[in-house]
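Data block below; observations after.
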Protein chains: 2
Amino acid sequence: MQRCLMCQLALKEWKPAIAAHKKNFVAKKNEVIICEGEPVTGIYFVYSGNVKVHKKWGDKELIVRFADKGKIFGHRGLGTTSAVYPISATALEETELCFIPADFFVSTLKVNHELAFSLMMFYADELQESEKKMRNLALMPVKSRLAVALLHLKAQFGMDTTGCIDIDLSRQDLAAFAGATYETVFRTINEMVQENLVVLSGKRICISEETSLIALTRE
Amino acid sequence: MQRCLMCQLALKEWKPAIAAHKKNFVAKKNEVIICEGEPVTGIYFVYSGNVKVHKKWGDKELIVRFADKGKIFGHRGLGTTSAVYPISATALEETELCFIPADFFVSTLKVNHELAFSLMMFYADELQESEKKMRNLALMPVKSRLAVALLHLKAQFGMDTTGCIDIDLSRQDLAAFAGATYETVFRTINEMVQENLVVLSGKRICISEETSLIALTRE
DNA sequence: CGAATCGTTGATGAGCTTCAAAACTCGTGG
DNA sequence: CCACGAGTTTTGAAGCTCATCAACGATTCG
């Protein structure tokens, strides 16, 4: 898995150096780890659990992505433009984290070129993802965006034993991830159930007609 | 200017090495330099002129950003995920370009750590921009997005002697940049003229009440 | 001087948000 | 164990923003 920078961190010889600076801790469910606009202090690694990375405008919210096991967040603060976090991060469940101070992380990057290169590739991938989502938000109807969201969730979190997407996400959060309102998402999912594209199992969602769902995301 | 990687390229000792691989050329107005979905061949630097970087969905188009003097494009193809360009690039005016093959550029990055680090920071900044725009597209009304677009254009291209934003952009392209339709942008600009936020001078746009325009982009 | 592209404007309605209000879940404490 | 309230899900209705369509004037360009 290319995006697992954790692995890099764990394997490198400078691991002992990190030990002196890193700080492990656990975030409870719904705990706010980063708040948009706060000064940047460092970067976070996720050992286990799940964190939503989101942005606000007024009282509306957009979930940019989810950071689960092996992912990092807070890394956008590293650029040259700003000294404040451009995003908020909130734990969706109990989450084990590792915090690394920004200055130490940056100086490490300057020494460990392999890590820096990996991080660069990681950024390149994220940028591509981000711009694709930009296009989706601007050009796609809600139904297609929802299809993209569901396929993305399935790819990231996999399926449980019943074939459902293995994540417990409130409809509120699903809506914020798809970039639509609560009610619209609700109705659109109902539509999808009518059309046998998905099946509901309690609150979980099972993709039954992946091909048709993918078709929604094309043209 | 942090984003001017060109400067880096020009100043480094490996410049002679580049000379053997790079290829300078000129793109005419409206010439398509990269087409979405084509296999990645390399990265482009802009010496002069202006290029729109855009994505399509069906017959709709979204302009992701503009690459003028000192900017690069085609760099998103470098990530690990894909071997095809995720964007199209089209010259908006006569543009002087420099092309560098991907394999050579990547191997250069592995040797020149300073450049790699700069590029990483560049990516970090772009990612932040991109996610902000994502939020804008998802949550803002058209009028606010248009305000953001105009302020962005002013920041990137500056003003001419009459105080207008120094770029000749068709309303079509302005609409594609703001993520709205032609007609809506037209009407919204009229609205802004009524409210004395902007003034039209021929086809160019002059921001007269920057503070009020910025206010539109908040909350 | 056509032909094509771009700018301007009005009418229409689909898609989506917003508001409002039940029905349902679930944890808390009496 | 049940009552309570807070949060979430479900549903209906109203309306607004914005895209779409259509038509015409203006401008560019070979």
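Numbers restart at 1 for each chain; the letters A, B, ... are given by sequence-line order, proteins then strands.
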| task | Grab the OH-C1' distance between Tyr182(B) and dT9(C) for me, whole Å please. | result | 12 Å
| Nearest-angstrom distance from the residue atom CD of Glu183(A) to P of dG15(D) | 17 Å
| request: Report the relative orientation of the aromatic rings in Tyr44(A) and Phe73(A); use parallel for angles under 30°, tilted for 30 to 60°, perpendicular for over 60°. | output: parallel
| query | Considering heavy-atom distances to DNA chain D, does Val142(B) or Leu169(A) have its closest nucleotide positioned more toward the 5' end? | reply | Leu169(A)
| Protein-nucleotide distance (Lys29(B), atom NZ; dC6(C), atom C1'), rounded to Å | 12 Å
| query | With respect to the side chain of Asn190(A), which nucleotide from dT9(C), dT11(D), dT18(C) is positioned closest? | reply | dT11(D)
| Interatomic distance where CD1 belongs to Ile189(A) and P belongs to dT8(D) [whole Å] | 16 Å
| Rounded distance (Å) that lies between atom P of dA19(D) and atom CE of Met140(A) | 17 Å
| query | Roughly how far, to the nearest 0.5 Å, is the CD atom of Glu210(A) from the CG atom of Leu213(A)? | reply | 7.5 Å
| request: Run the salt-bridge test on Lys143(A) and Glu191(A) with the 4.0 Å N-O cut-off and return the result as yes or no. | output: yes
| task | Indicate whether OP1 or OP2 belonging to dT17(C) is found under 4.0 Å from a side-chain N or O atom of Thr184(A). | result | yes
| field | Length of the line joining Phe186(A):CZ and dC16(C):P, which is rounded to integer Å | value | 17 Å
| query | Regarding Ser130(A) and Glu131(B), is there a side-chain donor-to-acceptor distance under 3.5 Å anywhere? | reply | no
| task | Measure from CG on Leu139(A) to P on dC18(D) and round the result to the nearest Å. | result | 16 Å
| query | Quick one: Arg171(A) CZ to dT8(D) P, roughly how many Å, whole number? | reply | 13 Å
| Contact class for Lys143(B) vs. all strands (heavy atom < 4.0 Å): base, sugar-phosphate, or nothing? | nothing
| Is the distance between the ring centroids of His75(A) and Tyr123(A) less than 6.0 Å? | yes
| Under the 3.5 Å rule, do the base of dG15(C) and the side chain of Arg187(A) count as making a donor-acceptor pair? | no
| field | Nearest to side-chain heavy atoms of Lys203(B), which nucleotide of dT9(C), dC16(C), dG7(C) | value | dG7(C)
